[in-house]
Structure formats: structure tokens, C-alpha cells
Amino acid sequence: MHAIEKDVHWLGFEWSGLYHASDYFEQLYDYAVELIKKGLAYVDDLSAEQIREYRGTLKQPGKNSPHRDRSVEENLDLFRRMRDGEFADGARVLRAKIDMAAPNINMRDPALYRIKRTHHHRTGDDWVIYPMYDFTHCISDAIEHITHSLCTLEFEDHRPLYDWVLDNITAPSHPRQIEFARLQLKYTVTSKRKLHQLGAAKHVDSWDDPRMPTISGLRRRGYTPESIRDFCDRIGVTKKDSFIEMAVLENSIREDLNEHALRVMGVLKPLKVTIENYPGNQVEEMEAQNHPQHPEMGTRKVPFSKTLYIERDDFMEDAPKKFFRLSVGREVRLRYAYYITCTDVIKDDNGDVIELICSYDPETKGGSSPDGRKVKGTIHWVSAKHAIDAQVNLYDRLFTHPNPGGTDNFLGHLNPDSLQVLTHCKLEPSLADADPDKHYQFERTAYFVLDNHTDAAHPVFNRTVTLRDTWAKIDKQNR
RNA sequence: UGGGCCGUCGCCAAGCGGUAAGGCACCAGGUUUUGAUCCUGGCAUUCGGAGGUUCGAAUCCUCCCGGCCCAGCCA
């Protein structure tokens with residue numbers, strides 16, 4: 001309950017009052033008595049299984065309970081004694097007397113009250129009988145003078161009952177129930193029951209696991225309240241049962257983060273680079289912009305030295321012409337630093353590249369050359385001896401099936417690679433005191449946020465969403 | 001003939017009798033010290049289908065097809 005309040009607050013909403021149906025238990029009881037007195041409700045002694053049998057099927061009408069025609073006096077007495085705890089749990093229920101042959105099953109004398117000795121978080125042990133949803137909700141809405149009671153599609157069949165109850169008691173008002181489709185996303189599940197199962201079976205860490213499409217999960221993943229509200233504005237509200245593509249959600253957060261995230265450099269999969277002609281002890285402070293489109297967001301200094309780390313993906317031995325990054329003999333720009341040319345490659349015994357030897361052009365400090373020559377690629381880097389070590393969590397869709405919830409075994413469609421943990425990522429030193437409330441763009445890779453369960457000594461960054469990657473698309477097409 | 005609801009571009013979604021908005025995605029260009037961002041252009045002769053009414057239909061009528069929900073003393 002408090003978690004919900006917290007989520008709603010975080011999303012940016014306030015409420016004028018907090019109401020609980022349990023505040024109306026006494027009134028609800030009185031309305032039930034009113035129905036009994038009108039001959040519109042009765043106490044039934046049938047067991048749950050018997051009631052099910054008597055209910056009939058979707059295509060066949062039900063039949064009346066043998067207790068359906070008890071006198072008002074007897075019903076009043078029995079209901080009173082239900083409340084007083086004279087009967088065992090499940091022994092009797094109060095039912096509305098409507099129509100056992102109704103085509104809408106919800107109208108076949110639905111249960112209004114059942115006996116259930118359970119501790120209530122607000123009313124404690126005051127009650128042993130509790131009202132059913134269909135009886136409680138409409139009356140609570142009426143008491144609160146709600147004008148429109150919004151709910152999801154599966155309650156469409158309940159609306160006749162909602163109206164029946166209010167039509168047959170002296171209701172303080174008669175709200176209108178309107179049903180809408182629930183928000184569903186592809187490649188994930190949104191039902192509370194299924195989300196709970198994911199946690200219970202340890203497929204995710206918790207309710208706020210960054211892979212969960214919960215408010216707390218999205219928050220920990222790095223989504224902002226603004227982006228979620230924008231997403232909701234875009235998708236609209238209708239009665240059509242639909243599934244939204246993740247791309248829409250991702251677009252909303254990218255749009256927000258592109259505008260507000262601080263740009264930094266972080267190397268996820270480091271490859272060592274030695275600048276052979278750079279003085280061994282020299283360190284230069286390069287000036288970098290915090291946001292190229294917003295100079296007012298300032299600049300920062302990033303240390304540069306002889307030994308650096310660059311992204312493994314930014315080097316390719318047999319690079320195609322369209323590959324604008326580093327390869328032996330090719331020149332690239334190190335963002336905010338120098339142009340470098342790869343001169344040699346060092347491999348380990350397995351033949352894997354473990355280090356690059358490069359030379360830099362001292363005339364290109366800051367990233368531009370006096371002779372105006374062009375370099376196609378600009379890559380990010382971090383100085384080896386200044387870098388901080390961090391863990392980075394890369395998240396992907398939770399399921400491999402577009403509608404896992406619609407299959408007979410949704411857990412069978414889990415994406416085994418929904419979380420990829422990267423350790424010893426090398427980040428620029430300014431990130432040593434990263435702000436947990438700020439969002440960062442590791443330039444050229446993705447948006448990240450400090451995990452809110454992290455501790456300062458061992459920073460963990462969660463990937464919110466990747467940047468659009470045209471190269472990945474081209475690369476994929478070429479294979 | 002159980003009942004209820006829904007069908008407009010790949011995914012969402014306006015439209016409510018006057019001749020198909022918009023977003024996402026996608027495609028093609030341009031700018032760019034992020035292959036990001038940004039900018040420009042393209043993307044439904046057609047609204048699940050077939051008839052009908054009308055000068056005119058996605059919008060009204062009829063029939064058909066497809067999808068979702070309901071047999072908790074859960075919500």
C-alpha cells in the first residue's frame with residue numbers, strides 16, 4: 001500500500017484524499033440488511049462447490065438454491081449471526097437474489113458476503129464476514145460520490161451488477177462505471193500475478209528489478225517520471241485490447257534523456273591502447289562538454305595520458321570500408337583529445353587482440369587538425385591510470401516471446417540474456433562521485449543511472465536504454 | 001442465437017455522414033568532434049469482409065468473418 005503511494009508520488013501525482021473501503025464496512029453491512037429487507041438478498045447454506053454446480057454453465061441456466069426463499073426474518077437473523085461469528089468460515093454466504101437463469105453469469109445470485117476469519121490490516125479482527133468486490137466497489141464509489149469509476153475491460157460483465165446494487169439500495173449517488181483496456185507491452189508481462197511469480201521463482205531479484213515493467217523497476221532502470229507520463233500520453237486510452245511496442249517506451253525515455261542526461265565517457269569492454277609517441281609521465285586535462293547541445297550545462301576536465309582504454313568494438317582487424325573506427329593504419333579522433341593512428345596490434349597466445357599501439361598527432365589537440373583533414377570516426381576513451389572501475393548491468397527484454405502471458409507457460413519464454421553483468425568497466429574519473437539522482441549518457445553507447453542499491457566503494461550502473469545504433473543495423477544487414 | 005466487448009498503415013491512435021490527423025517503427029537524403037541528437041522528404045485511393053441507404057459512408061442499416069473476456073465464498 002505504501003509502495004503504491006510512493007510510486008504515485010514519484011510519478012508526479014497527488015491525491016486529495018485517501019479512502020479505504022474498510023472505512024465503510026458498517027455502512028456496507030447496513031446496505032446488505034436493506035437488500036435483505038427488500039427480499040433482494042438471502043443467506044445460503046450451500047457449499048462453495050454446490051453453488052458452483054447450481055450456477056449452471058455459460059450456455060445453460062443455473063437453478064435456484066433450496067434456501068433462496070427463506071423469510072426476511074430468517075435471513076436477517078442468519079446474517080446477524082454470520083456477523084457475530086456463530087458459523088464456521090465458508091459455512092454460509094449472503095447472496096443477491098437476482099436471476100439464476102441470467103445470461104450474464106455475474107447476475108446468477110452473486111455472493112455478497114462470505115465468512116472469513118482473517119486479520120484485516122485496518123479493521124483488525126472486528127469482522128469475520130467480509131463483503132465481496134462487486135458489492136463493495138459500487139457502494140464505496142457511491143459514498144464517495146465518484147462521477148466515473150474507471151476500470152479494466154474484464155469488468156464489463158460486472159457493470160450490470162454494479163448498477164443493480166446501486167439501483168436497489170438507497171444509494172447516495174450512482175456513479176458510472178466505464179471500462180478501458182489495460183496497458184500491455186510486448187515482450188513482457190504486466191499482470192500482477194505473473195509479475196509476482198517472476199520474483200517468487202527468482203527469475204528476477206525483486207519487485208523493483210530493473211527488468212520489471214513496474215514503476216519501481218522502471219525507476220531503478222533509469223526511467224524518469226516525465227518519460228513515463230509522456231509514454232502514456234502517446235499511447236492513449238481506448239477499449240481495444242492491444243500491445244504496445246517497447247520502441248514507444250524507449251523513444252519516450254530517449255527523448256527525455258537526450259535532453260537532460262550529462263554526457264560522460266565510459267568504456268564497457270576495455271581494450272588497452274598505448275600511444276607510443278606520447279610522453280610517459282605526461283597528463284593533460286582535456287576539456288569536455290557536459291552536453292554539446294546545451295553549453296550552459298558546462299564543461300569538465302578529463303585526464304589524458306599515454307595508456308588508455310577504448311571500446312573493443314571500436315577496433316576491427318579486417319575492417320570493411322564502411323567501418324569508420326580504428327584498424328591498423330587508420331586514423332580516428334579520440335573525443336575531445338587527439339587524432340590517433342593505429343600502428344600495431346599485440347595479441348595473446350590465443351591470437352586475441354589484447355593491446356593496440358598507436359601514434360598521436362600533437363597538432364590535433366582538442367580534436368581538430370590545423371590542416372583541416374577529416375577523420376570519419378570519433379571514439380570515446382578513458383585514461384588507464386585515472387579510470388575508475390565499475391560494474392555495469394546491461395538489460396534487455398525479459399522475454400523472447402511478444403506475448404508470453406498469452407502462452408500456456410510464460411516462464412518458458414524467458415530471455416536468458418535479459419541481464420548481462422559487466423565488471424571492471426572503465427569510467428572517466430568524474431564518475432567517482434556520480435549523483436544517484438542524475439542520468440548519464442556514456443557517449444556513443446547508452447544512457448545509465450547509478451543503481452539505487454549500490455554502495456560508493458563499488459559503483460554499479462544500470463543501462464536504461466541504448467542509443468540508436470545505425471552501425472549495428474548496417475553491420476547486421478551485411479551478415 | 002449463452003452473454004459482454006473489440007476490429008482505421010508493422011505497433012499505437014484521431015475521426016462520430018462531406019471525401020483518412022498524429023506518434024512510434026521503417027525507408028531515402030542533409031548537418032554533425034557521439035555512426036547519437038537535429039533537419040528534410042517518403043510511408044492507408046483506403047478504414048475486418050460483402051451487400052444496402054445516400055448526391056456523398058471509416059462514420060447509418062443488414063449479414064458475415066476474426067479477436068478478447070465471463071461459470072472465485074479473488075479483485
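Residue numbers start from 1 in every chain, and the chains themselves are labelled A, B, ... in the order their sequence lines are given, proteins ahead of strands.
- Ring centroids of A:Y223 and A:Y447 are separated by 6.0 Å or more, keeping the two rings apart.
- Distance from the side chain of A:L467 is smallest to B:A36 among B:A13, B:G4, B:A36.
- For A:E311 and A:R325, the salt-bridge test fails: no basic side-chain N is under 4.0 Å from an acidic carboxylate O.
- Residue contacts shown for A:P61 are absent, as no nucleic acid heavy atom lies under 4.0 Å away.
- In this structure, the CD atom of A:Q60 is 11 Å from the P atom of B:G2, given to the nearest Å.
- Between the P atoms of B:G52 and B:C70, the separation comes to 39 Å (whole Å).
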Result block: side-chain N/O donor-acceptor pairs under 3.5 angstrom for residues 315-323 of chain A, not counting sequence neighbours:
residue: A:E317; atom: OE1; partner: A:K347; partner atom: NZ; Å: 3.3
residue: A:E317; atom: OE2; partner: A:K347; partner atom: NZ; Å: 3.0

Each nucleotide of nucleotides 68-75 of chain B classed B (base within 4.0 Å of a protein heavy atom), S (only sugar-phosphate) or -, in 5' to 3' order, makes SBBBSBSB
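- Atom NE2 of A:H260 is separated from atom C1' of B:A36 by 16 Å (rounded to the nearest Å).
- A:R444 has its CZ atom 18 Å from the P atom of B:U32, to the nearest Å.
- With a 3.5 Å ceiling on both atom-pair distances, the Watson-Crick or G-U wobble partner of B:C26 is B:G42.
- Checked against A:R300 for a salt bridge (Lys or Arg N to Asp or Glu O under 4.0 Å), the options A:E428, A:E287, A:E285 give a single hit: A:E428.
- Of all nucleotides present, only B:G67 satisfies the Watson-Crick or G-U wobble test against B:C5, with each distance under 3.5 Å.
- Side-chain rings of A:F448 and A:F442 approach one another, their centers coming within less than 6.0 Å.
- Test A:Y130, A:Y31, A:F79 against A:Y113 for ring pair (Phe, Tyr, Trp, His ring centres under 6.0 Å) and you get one pass: A:F79.
- One P atom belongs to B:G49, the other to B:U59, and the distance between them is 10 Å to the nearest Å.
- Partners of A:H120 according to the side chain to side chain donor-acceptor pair (under 3.5 Å) rule, which considers only residues two or more places apart in sequence or in another chain, are A:T123.
- Comparing the P positions of B:G23 and B:A44 gives an interatomic distance of 14 Å, to the nearest angstrom.
- For the residue pair A:S369/A:T364, the side-chain donor-acceptor check at 3.5 Å is not satisfied.
- A heavy atom closer than 4.0 Å to some atom of RNA chain B occurs in A:K322, A:F323, A:F324, A:R325, A:R333, A:R335, A:Y336, these being the qualifying members of residues 322-336 of chain A.
- Here B:G49 is in the anti range [glycosidic angle more than 90° from 0].
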Please tabulate the protein-to-nucleotide N/O contacts below 3.5 Å involving nucleotides 14-16 of chain B, giving atom names and distances.
none

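- Here the C1' atom of nucleotide B:A13 and the CZ atom of A:F231 are 13 Å apart, to the nearest Å.
- A distance of about 13 Å separates the P atoms of B:C64 and B:G2, rounded to the whole Å.
- In summary, A:R122 and A:D23 engage in a salt bridge, as defined by a charged side-chain N under 4.0 Å from a carboxylate O.
- One can place CD1 of A:I235 at 11 Å from P of B:C12, the figure rounded to the nearest angstrom.
- On the C1' atoms, B:A25 is 29 Å away from B:C5, given to the nearest whole Å.
- Using a 4.0 Å cut-off between charged nitrogen and carboxylate oxygen, A:K97 and A:D109 do not count as a salt-bridge pair.
- Rounded to whole Å, the separation between the P atoms of B:G15 and B:A21 comes to 14 Å.
- Using C1' as the reference atom, B:U46 and B:G30 are 33 Å apart when rounded to the nearest Å.
- With salt bridges taken as basic N to acidic carboxylate O contacts below 4.0 Å, none links A:K116 and A:D89.
- Rounded to whole Å, atom P of B:U32 lies 18 Å from atom NE2 of A:H291.
- Both distances falling under 3.5 Å, in either a Watson-Crick or a G-U wobble arrangement, occur for no nucleotide opposite B:U37.
- B:A58 is unpaired under the criterion used here, namely a Watson-Crick or G-U wobble arrangement in which both key atom distances are under 3.5 Å.
- Checked options A:I139, A:N106, A:D167, A:D141; the residue passing with A:Y162 is A:D141 (criterion: side-chain contact (heavy atoms from CB on, under 4.5 Å)).
- OP1 or OP2 of B:A36 sits under 4.0 Å from a side-chain N or O of A:T470.
- Side chains of A:E331 and A:Y360: a donor-acceptor N/O pair is absent below 3.5 angstrom, by distance only.
- Using a cut-off of 4.0 Å between Lys/Arg side-chain N and Asp/Glu carboxylate O, A:K473 and A:D469 are scored as not salt-bridged.
- Ring centers of A:F304 and A:Y338: under 6.0 Å apart, within the cut-off.
- One can place CH2 of A:W471 at 21 Å from C1' of B:U37, the figure rounded to the nearest angstrom.
- A distance of about 13 Å separates the C1' atoms of B:A13 and B:C47, rounded to the whole Å.
- Position along RNA chain B of the nearest nucleotide to A:S368 versus A:K239 favours A:K239 as the more 5'-ward residue.
- With a 3.5 Å ceiling on both atom-pair distances, B:C16 lacks any Watson-Crick or G-U wobble partner.
- Ion pairing between A:K365 and A:E284 holds under the 4.0 Å rule for side-chain N and carboxylate O.
- Atom NZ in A:K240 sits about 13 Å away from atom C1' in B:G66, given to the nearest Å.
- Residue contacts for A:E259: at a heavy-atom cut-off of 4.0 Å it reaches no nucleic acid atom on any strand shown.
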Scoring nucleotides 22-31 of chain B by protein non-hydrogen atoms under 4.0 Å (B base, S sugar-phosphate only, - none) yields -SSSSS----
